[in-house]
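All remarks here apply to the structure that follows.
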Amino acid sequence: MTLNKQTVESIMTTNVATISPNQTVQEAAQLMSQKNIGALPVVENGQVRGMITDRDITLRTTAEGKNASVPVSQIMSTNIVTGTPNMSVQEAANVMAQHQIRRLPIVENNQLRGIVALGDIATNHQYDQAAEQALTNISEPSQPQA
């Protein structure tokens, strides 16, 4: 099966750990530690409301002197880019590269179905080139918005 034909559904993680917007940053950090992951989709009624990463916690909570009991909704990223289960793995890699993201929540009918990480693409050798291209674009500093 070629990169352009295989769908995201075949490589996405479906058992996704999530957190709700009203849970605390401390709860998010504990869940990340417990699951050994660096990001959590913020989900309310099955719908993705945002993403919170270990970097968000460091920069938007700890660095700003905020208490760990603040709700996730106060520090999560809300400009979320999502994919669909039927998009090709190449399309997902392109979206991730274009938006400089390492994780792509997969949504169908406004409900979270799974997540694809750059590592999911990179672990399959037939996707080496797509993963390399995405990582190159993700690793480049984004241009400041004028």
Side-chain angles (χ1 to χ4, degrees), residues 1-61 64 66 70-146:
M1 191 174 284
T2 67
L3 187 58
N4 291 324
K5 299 269 194 273
Q6 188 165 7
T7 63
V8 165
E9 190 168 32
S10 66
I11 66 164
M12 71 183 186
T13 299
T14 55
N15 187 16
V16 182
T18 64
I19 195 152
S20 69
N22 59 350
Q23 286 182 270
T24 67
V25 170
Q26 182 175 0
E27 288 174 297
Q30 288 171 336
L31 187 55
M32 286 181 201
S33 176
Q34 186 179 56
K35 301 283 185 184
N36 194 28
I37 54 177
L40 289 167
V42 181
V43 176
E44 189 173 43
N45 300 321
Q47 297 183 350
V48 180
R49 300 291 186 210
M51 287 284 285
I52 183 168
T53 66
D54 46 10
R55 184 171 166 82
D56 293 332
I57 293 170
T58 300
L59 298 179
R60 297 179 184 162
T61 306
E64 293 183 10
K66 290 182 181 168
V70 299
V72 165
S73 60
Q74 287 188 14
I75 69 159
M76 69 184 185
S77 297
T78 55
N79 55 336
I80 303 307
V81 177
T82 61
T84 61
N86 61 353
M87 74 190 310
S88 74
V89 172
Q90 182 65 58
E91 287 175 301
N94 292 344
V95 167
M96 294 166 82
Q98 178 184 354
H99 294 279
Q100 296 185 318
I101 56 175
R102 295 175 187 267
R103 297 164 197 90
L104 184 66
I106 304 302
V107 174
E108 187 174 49
N109 299 323
N110 286 330
Q111 298 291 300
L112 180 67
R113 286 273 319 277
I115 194 162
V116 172
L118 187 57
D120 297 329
I121 297 171
T123 56
N124 189 322
H125 292 300
Q126 71 184 34
Y127 305 135
D128 283 350
Q129 189 175 357
E132 182 180 336
Q133 177 188 358
L135 184 58
T136 298
N137 289 342
I138 291 166
S139 299
E140 289 176 2
S142 58
Q143 300 300 316
Q145 301 296 317

Sort and list the pairs that fulfil salt bridge (charged side-chain N to carboxylate O under 4.0 Å, His left out) and have at least one residue in [range], not counting sequence neighbours.
| range | result |
| --- | --- |
| residues 36-50 | Glu44-Arg49 |
| residues 71-89 | none |
| residues 6-18 | Glu9-Arg113 |

Tell me, please, which residues at least two apart from Ser73 pass side-chain hydrogen bond (donor to acceptor under 3.5 Å, both in side chains). none
Would you sort out whether Arg60 and Ser77 count as a side-chain contact (heavy atoms from CB on, under 4.5 Å), showing the intermediate values? CA-CA 10 Å; Arg60 297 179 184 162; Ser77 297; 3.3 Å; yes
Contacts table for residues 27-42: side-chain donor-acceptor under 3.5 angstrom, sequence neighbours left out:
residue, atom, partner, partner atom, Å
Glu27, OE1, Thr24, N, 2.8
Glu27, OE1, Thr24, OG1, 3.3

Using every non-hydrogen atom in the two residues, find where [X] and [Y] come nearest and quote the distance to one decimal.
| X | Y | answer |
| --- | --- | --- |
| Met96 | Ile121 | SD-CD1, 3.9 Å |
| Ile11 | Gln6 | CG2-NE2, 4.0 Å |
| Ile80 | Pro105 | CG2-CG, 4.1 Å |

If you round to the nearest 0.5 Å, how far is CD of Glu108 from OG1 of Thr82? 11.5 Å
Pick from Ile106, Ile115, Thr78, Val107: which one makes a side chain to side chain contact (heavy atoms under 4.5 Å, CB included) with Val48? Val107
Set of side-chain contact (heavy atoms from CB on, under 4.5 Å) partners for Thr58, sequence neighbours left out: none
By side-chain contact (heavy atoms from CB on, under 4.5 Å), Val95 pairs with (sequence neighbours left out) Val81, Met87, His99, Leu104
Let me have the donor-acceptor pairs involving side chains of residues 13-21, under 3.5 Å, with sequence neighbours excluded, atom names and distances please.
residue, atom, partner, partner atom, Å
Ser20, OG, Asn22, OD1, 2.6
Ser20, OG, Gln23, OE1, 3.3

Using the rule given for side-chain contact (heavy atoms from CB on, under 4.5 Å), can you reason through Met51 versus Met76, listing the C-alpha separation, both sets of side-chain angles and the distance that settles it, and then say yes or no? CA-CA 5 Å; Met51 287 284 285; Met76 69 184 185; over 6 Å; no
Heavy-atom side-chain contact between Ile75 and Glu64 under 4.5 Å: no
